Amino acid sequence: MRFGVVVFPGSNCDADCFHVLKNVFGRETVYIWHKDDSFDVDCIVLPGGFSYGDYLRAGAIARFSPVMKKVVEFSEAGGLVIGICNGFQILLEAGLLPGAMLRNKSINFRCHDVYLRVENNETPFTNKALKGQVLKIPIAHGEGNYYCEPDTLKRLIANGQVVFRYCNSRGEVTEDANPNGSLYNIAGIINEKGNVLGMMPHPERCSEKILGGEDGRVIWESIIAYLERGANRG
Amino acid sequence: MAIARVIVELKPGVLDPQGEAIKNSLHALGYEEVKKVRVGKFITLEVEGNDLKEIEERVKEMADKLLANVVIEKFSVQVEG
Amino acid sequence: MAIARVIVELKPGVLDPQGEAIKNSLHALGYEEVKKVRVGKFITLEVEGNDLKEIEERVKEMADKLLANVVIEKFSVQVEG
Amino acid sequence: MAKWREMGLTDEEYRRIVEYLDREPNEVELGMCAVMWSEHCSYKSSKIHLKKLPTKGPAVVQGPGENAGVVDIGDGLGIAFKIESHNHPSAIEPYQGAATGVGGIIRDIFAMGARPIALLDSLRFGKLDSPRVRHLFTGVVAGIAGYGNCIGIPTVAGDVYFQESYAENPLVNAMCVGIVELSKLKKGVASGVGNPVLLVGATTGRDGIHGATFASEELSRDGEDKRPSVQVGDPFMEKLLLEACLEALEYGHIVGMQDLGAAGLTSSSSEMAARGKSGIRLYLDRVPLREEGMTPYEIMLSESQERMLLVVEKGYEDEIIKIFKKWDLNAVVVGEITAGEEIEVFFGGECVAKLPYRLLTEEAPVYDRPYQVPEIKNLQSVNPAGVDCGEALRRLLQNPNIARRDYVYEQYDHQVGVNTVVKPGYSDAAVLRIKGTKKGIAVKTDGNGRYVYFNPREGAKRAVLEAALNLAVTGARPLGLTNCLNFGNPEKPEIMGQFVEVIAGMKDACEILNIPVTGGNVSFYNETGEKAIYPTPVIGMVGLIDDLETGLIPMAFQTEGDLIYLLGEPTGELGQSEFLKEFFGDVLVPVPPVDLQEGKKIIDLLPLLKKQGLINSAHDVSDGGLAVSLCEAAFAGELGVNIDFITSLLPQEMLFSEKVGLVIVSVSPEKANEFEEIVKASGVAVTKLGRVNGNDEIEICLNGQRVIKEKLSELKALYEGGLRWALK
Ligand SMILES: Nc1ncnc2c1ncn2[C@@H]1O[C@H](COP(=O)(O)OP(=O)(O)O)[C@@H](O)[C@H]1O
Ligand SMILES: [Mg+2]
């Protein structure tokens, strides 16, 4: 089982994801340079950060990196792709996931813990979680205000594509618990096929006890369990 | 050399948090008459070439591909020699 | 009700990292003809009132105080009824 | 006006240049001299005083004089750290001023070969009731966030004060901390005749020309056209630059590296030349420019951001350039090392400047400016007995100088890098783990200018002791400090007097606490009109926790029933406390003495107590006094307190004096005896204050009399709302 962490110019959580997969979970992990047009991995991580400074719109320029063509092919072949924060934004810009990100409702960048409710635990990324489980995971973003057309939202809900929603510590999805104004308190969605996940919160930041929380582990553990079951390789 | 100006705006109906924030600040400064604020981008390109028609086509392509995200934004292009 | 449009642009000579990044990306997409990109803001205000002259004055004030950062930016205002 | 005066040189300084050269300098040369002889670059008013500070210690690997100081943390690793001011630019354009300040200090750290792992920011503004101050404050915070978040270095700690004296002249000091394998430490030296000199990173524009001289003048409101054009930060570019420089260092064959900060190419080339005792020849035609028609004068003085100068072993330049190209960056050989001692500048085939590096560096003037030690006179007394303690506590908790600072640090990505073990707001200092070891480092900035203004010497001691205690309460042992000395115009004897006294106080504190100074920065001319800011030495400190598993002390109360103790002797002076200001205004009453000896004992004691498992939490007493500190530890642990002890002080003095050097700790009841014995044996005064409760209640009784009884949740709401309300 091999993980690949894509490095775009301006990625800054690449090393963090790499560290967690390699040193915390002991999995073979490689960096994939944005100019690379081939790789041999089982799961791709599009990490957080500010690819190309996020200078036009978050993720807008990165989606044209040579590597993204291959990421699209990989995902079409069923390979697992997880985009975290900026990685999520890139997936949206690339059209691998529906919708777009707006500025946070508060305008400000926000970095703090949030609670997520697992809405769908039948995905490669959440199979180790319980449905309705509440996870405490930090966010750090200025543009995480998820938006899509009403029809798209309906479809997302109907298909179980909404994987995580912002909630309070008791698991209630409320307006107060929504840190950025996201539609339907959406914190993470998956594609129709179920192999591409985008989420704003950072599971790699809470996968070790010393950092004050381990709720992020369940996502990595789910991916590992899924891949261990010998599911298809992209 | 031609100058192309691209205006990128949020589609009507898409929430504009930045516009809201500006409106509130304007109210706080006493400009109560401002009822709505929308913030878009104004992108100026210097483009080589003489055929303004063709340039406009190309810039529209650029806007469609990169400069605007058509899920949430619309754009207009204007070119002058 | 009047519509005021404010264009805010960086003063010439002020570094525009956004513009640079967009230019490089356009080149990578094959739009080599683009020689320079500058990114500004396009702000649309809905303002109550009928006296366009006065509205223009007020909006200029707003731009000067809040909408533009006059240390590095310049602005222009256009009002229509 | 004579050309040199326009550039900020005095007639006497100009005369010395002519004498040294034995000819008149041309315009380019004069510009180079003027920036290098500016206060900002030459430290001409501060140099002789800075020499008095202790700079040596067992952990010091690199003291002052390099791009950053370095301390040894064992395992072959070092921590590089430095603080710098960006006050003037931030006063004019808060967002970009603060952003470029952050960018500048980051470059200093990776110039040493260190990977930046944390940022800190020390901020001073006027009072938030002024719209302009709110604009400055929110802009500065957004600028720091904008730069730090984008480049991906967590901003983990800092401090903020709002005092009238900073209304026109805010202070924005940024500190960066990096980690380096000591065997790979780099210095900013130029040597090896024939070695190529590379300029890498951003293109050179007209921005910031004469920024250094600008920083060496008072802010005047009509100085519009004299202002250097504002620099815009490009954190994306700097991220690439950072990665490319570290990759190039890893590849090897780099002789020296230095960032281009104030005075741009002029200072980086001459400082590198001076350190390596070499000459440098520069060909300006090769410098990648952003604007057309730039003159050699402009190119030599440009302060465009996100650039570095590298000296590379001859023959390896192509490989190094390849690395920068990989990161889509410019990298150009702009010159070479020569045998002489001169900086020679060529443009269009002509030599446009030729100056010995000595003239630009060690020959820069040094002044022993006249100074007058400020006298503390007209001390008054106040009678606080009439102030209701509950009311005082409620007001203090929401005072913007005390209230929770989450408005600030929630805008900062403080977790990127996955090292932040103690996040901002969770303790006095931030703690970062050192991956691959059991160790952690604690970092914090401190410096309350209000105390320094009323008593510069004691105020400086206070700043050092407070920073040290803020580290110690996390279990850390302080290793070294960097300082940013923000003052008014040094040509005024009373300002110079403040400076001299502050140095004396810092020296005392560093010596007694045994914490060496590894570097720093001086920012003079923080004045508008006739009004100088409070003299503000900001102390940035780094400490080590040997084993995070066993050595990390939390700030929060941990368990219901734990006993609460106070370490250190409370003395009750209300001088310059927030309480005094809140209820009596700007009156001069005695400030609490700074007991460095006792402070030292407490700093040594805390890690020891933790290792023996005798304390469960620790938090020092600072702004707002004992009552506020108790609340902070209670809020953090969501546990209440019942306090009841005997004191001869008035309740208001006991609870609201801001004497530095007091620490509250919580102790499991069964460990109380052992704890008390060890503390008493160490000679530290200790008072049992009360115990932690599980109710929603803050209750304080003194001498059997109840003086405060409040709901914890209500007080917490005030503490959490205070700063945001003040911004509304
Ligand atoms: N400007 C800032 N940036 C980041 N963190 C800050 C800033 N100001 C304060 N903090 C954090 O808020 C907490 C309280 O700070 P402060 O009141 O200065 O503590 P202390 O009184 O112990 O010196 C600390 O964790 C500190 O690092
Ligand atoms: Mg403290």
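To find a chain, count down the sequence lines: A is the first, B the second, and so on, and within it residues start at 1. Note that this is a predicted model, so its numbers are computed, not measured. These numbers come from the heavy atoms of this one structure, side chains and all, not from hydrogens, waters or symmetry mates.
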For [X], is it the side chain, the backbone, both, or neither that has a heavy atom closer than 4.5 Å to a heavy atom of chain D?
X      : value
A/Y52  : both
A/S207 : neither
A/D113 : side chain

Presence of salt bridge, D/D406 and A/R110, under 4.0 angstrom: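 Between D/D406 and A/R110 there is no salt bridge, as every charged N stays at least 4.0 Å from the carboxylate O atoms.
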Taking 4.0 angstrom as the limit, do D/R433 and A/E208 come out as a salt bridge? yes
Among [options], which has the most heavy-atom pairs under 4.5 Å with chain A?
options                        : value
D/A142, D/A145, D/G152         : D/G152
D/E549, D/E243, D/K435         : D/K435
D/G417, D/G440, D/C150         : D/C150
D/K423, D/H414, D/M237, D/Q415 : D/Q415

Whether [X] side chain and [Y] backbone form a donor-acceptor pair below 3.5 Å:
X      : Y      : result
A/N12  : D/N149 : yes
D/D413 : A/A140 : no
D/K239 : A/G53  : no

Closest heavy-atom contact between [X] and [Y]?
X      : Y      : answer
A/G10  : D/L240 : N-CD2, 4.2 Å
A/L211 : D/V421 : CD2-CG2, 4.4 Å
D/Y412 : A/F109 : C-CE2, 4.4 Å
A/Y55  : D/P235 : OH-CD, 3.2 Å
A/H112 : D/E410 : CD2-OE1, 3.6 Å
A/D16  : D/V418 : OD2-N, 3.6 Å

Return yes when atom [atom1] of [X] has more than 12 non-hydrogen atoms of other residues, nucleotides or ligands closer than 6.0 Å, and no otherwise.
X      : atom1 : result
D/Y426 : OH    : no
A/E172 : CD    : yes
A/K35  : NZ    : yes

Side chain from CB out, backbone as N, CA, C, O: work out which of these in D/I151 comes under 4.5 Å of a heavy atom of chain A, or both, or neither.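 Only the backbone of D/I151 comes within 4.5 Å of chain A.
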Atom group of D/Y147 that falls short of 4.5 Å from chain A, counting heavy atoms: neither
With side chains defined as the heavy atoms from C-beta onward, is the minimum distance between A/P9 and D/W327 less than 4.5 Å? no
Side chains of A/N108 and D/Y407: does their closest heavy-atom pair fall under 4.5 Å?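 In short, these two side chains touch, coming nearer than 4.5 Å.
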Between OG of A/S106 and CD of D/Q411, what distance do you get to the nearest 0.5 Å?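 Going from OG on A/S106 over to CD on D/Q411, the span is 8.0 Å.
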